[in-house]
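This structure is a prediction, so every number in the text was calculated from the model and none was measured. One is the number of the first residue; the rest follow in order along the sequence. Hydrogens, waters and symmetry mates play no part in the numbers below; they use all other heavy atoms, side chains included.
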Amino acid sequence: MELEFEKRGLKYLKPLLREVQAQEQTQELRLTEGMPDLGRILGTWGQVILRGKEWRGDTVSFSGGVMAFVLYAPEDGSEPRTLESWIPCQMKWDLEDDHREGEIRIQCLLRFLDARSVSPRKIMLRCGISALAEAFREDTALVGVPGEVPEDVQLLKNRYPLRIPKAAGEKTFQLEETLPFSGTGKLISYTLTPKISECRVLSGRVVFRGSGILHTVFRNQDGRVESRDLEVPFSQFEQLEGAFGPDAQADVRMGVTGLEAELAEGDQLRLKAGLVAQYVADDREVVEIVEDAYSPDRSLEPRREELEIPQLLDQQRVPITVRQTLRQNAGDIADVTYLPDFPTQRRGEGIQLELPGQFQVLWYDENGILQSSTARTEENWDMPAGEDTRVRATVLPGASPTAIPGSGVELKGESILDVSSSPRQGIPMVTGLNLGEPVERPQNRPSLILRRAGDAGLWEIAKSTGSTVEAIRQANGLEAEPESSRILLIPVS
């Protein structure tokens, strides 16, 4: 006789893609009429702009680019000049199958931006962009739920508190502020780093707050180059569909969709920025699974499947301090930036994450001449993880970098390593039973067995002896699993 379990639908968000692409772009930049000839490049700064995302059948893509700023010293020895440019970028990722549209999350990082002179009137710009693309689609997993079963059939049930992704989306918003900004002569470059300080799921809404760190490089009233960070706070929410419990949480990735800044009268700076908060919300759900079945009175064969559903085992955010030393005799530091890249993984006894990055430093030498240097970095972070665990890692902005001059320049930066782990395999479950006819027990079968518990649990003991877990517990006064040395009375009739 076949006994088919009922199926209960469990809705979740299915990840279809999680992949990093790296791309390099070059662009020729010509000096405009009236600008003096190029002497040497002093510094470059860039802002990644996320313009659009698209899901088309079996591909997802994003379009955008880099706002680039180049500071150069003219050949005639006059004051440094600034050039601005736009470097377009597009990336596309293939999906395994043609899917109906879902949600896309893109996180972009500027890995490097440099410039070199091609001629006295021409500059070659080169930039590197890394982008992490994630694609999600709503789906339903089917969990086997037993109905009425014969009294002699024993079921092993377990309750799993699973943290499951449930929803994804985005919230776009604007930052428009007029900020105090005294002591400046001319703005050279500006970049914006959005940081999330708090994120919750409350009353069916994703609620988050943070700030945009506007990094400015400028010439002061004395003509010297300086940098300054300005903080612009924000607080937003987005309504979720469906019910979420008190244990729900959300993970937000920020992107900049537009950026404008200009100096205004009265020692002020006007900022206008477009931001997008791309979130994935998950919730805790307790799922009861039938893991095994047997009968002491008949043959029984469980039909098994795996419950394939994404689940989060653990998530942590670890500040990673990055240090490097420039062997330069520097005077004043005009500016320092740190550009982290996405971590890469190496598997050994656990997981080793490698975090590459790059410093750019603008400084005055002992003769008061503006100089620039770059320094690559690579930090490692180890975490225990078995072969049956999948680890996903990304990087978030940390504290602003610092540079301390002396006999060398001591550089310090920070990234927040965001690491999550999940099981590689699904959860085994019983979805039905093939039942034989009940058989009579032999007349000479003993009604009681004495057995040492050993390493087996009550379920294994009951199944191997033809007893039941409840009968063994009552006979021995057990409320939990027995110690391995204990001798058990096992009723079998």
Roughly how far, to the nearest 0.5 Å, is the [atom2] atom of [Y] from the [atom1] atom of [X]?
X	Y	atom1	atom2	result
L307	L10	CG	CG	7.0 Å
S420	L312	OG	CG	6.0 Å
L271	L259	CG	CG	6.5 Å
E305	T431	CD	OG1	4.0 Å
E387	T389	CD	OG1	9.0 Å
L13	D139	CG	CG	9.5 Å

Regarding [X] and [Y], is there a side-chain donor-to-acceptor distance under 3.5 Å anywhere?
X	Y	result
S421	D314	no
R451	S464	yes
S295	D152	yes
S85	Q27	yes

Within-4.5 Å side-chain heavy-atom neighbours: L435 and V153: yes
According to side chain to side chain donor-acceptor pair (under 3.5 Å), who are the partners of [X], at least two apart in sequence or on a separate chain?
X	value
Q23	Q25
E238	none
D229	H215, S400
N158	E291

Derivation of the salt bridge (Lys or Arg N to Asp or Glu O under 4.0 Å) call for E4 and R303: CA-CA 9 Å; E4 189 72 27; R303 295 200 301 275; 2.3 Å; yes
Ring pair (Phe, Tyr, Trp, His ring centres under 6.0 Å) partners of residues 448-483, not counting sequence neighbours, each pair once: Y294-W459
Ring pair (Phe, Tyr, Trp, His ring centres under 6.0 Å) pairs, two or more places apart, involving residues 297-318: none
Counting only heavy atoms from other residues, nucleotides and ligands, does the tally under 6.0 Å from [atom1] of [X] exceed 12?
X	atom1	result
R18	CZ	yes
Q316	CD	yes
E241	CD	no
K412	NZ	no
E301	CD	no

Set of residues satisfying salt bridge (charged side-chain N to carboxylate O under 4.0 Å, His left out) with respect to R390, sequence neighbours excluded: none
Only counting residues at least two apart or in another chain, list the ones meeting side chain to side chain contact (heavy atoms under 4.5 Å, CB included) with [X].
X	answer
T374	Q358, Q360
P428	none
R51	I49, S63, W86

Side chain to side chain contact (heavy atoms under 4.5 Å, CB included) between R126 and L113, intermediate numbers included: CA-CA 6 Å; R126 186 175 69 102; L113 177 66; over 6 Å; no
Ring centers of Y279, F208 separated by less than 6.0 Å: no
Looking at [Y] and [X], is there a salt bridge between them, counting it only when a charged N and a carboxylate O are closer than 4.0 Å?
X	Y	result
D251	R253	yes
D418	R392	no
R200	E198	yes

Donor-acceptor list for residues 162-176 side chains, cut-off 3.5 Å, not counting sequence neighbours:
{"from": "R163", "atom 1": "NH1", "to": "D247", "atom 2": "O", "distance (Å)": "3.0"}
{"from": "R163", "atom 1": "NH1", "to": "D282", "atom 2": "OD1", "distance (Å)": "2.6"}
{"from": "R163", "atom 1": "NH2", "to": "D247", "atom 2": "O", "distance (Å)": "2.9"}
{"from": "K166", "atom 1": "NZ", "to": "K11", "atom 2": "O", "distance (Å)": "2.9"}
{"from": "K166", "atom 1": "NZ", "to": "E285", "atom 2": "OE1", "distance (Å)": "2.8"}
{"from": "E170", "atom 1": "OE1", "to": "K53", "atom 2": "NZ", "distance (Å)": "2.5"}

Test log, rule side chain to side chain contact (heavy atoms under 4.5 Å, CB included), inputs F237 and L202: CA-CA 10 Å; F237 73 88; L202 297 172; over 6 Å; no
Salt bridge (charged side-chain N to carboxylate O under 4.0 Å, His left out) pairs, two or more places apart, involving residues 350-359: R346-E354
T140 and Y12: CA distance, side-chain angles, deciding distance, side chain to side chain contact (heavy atoms under 4.5 Å, CB included) verdict: CA-CA 6 Å; T140 301; Y12 69 100; 5.6 Å; no
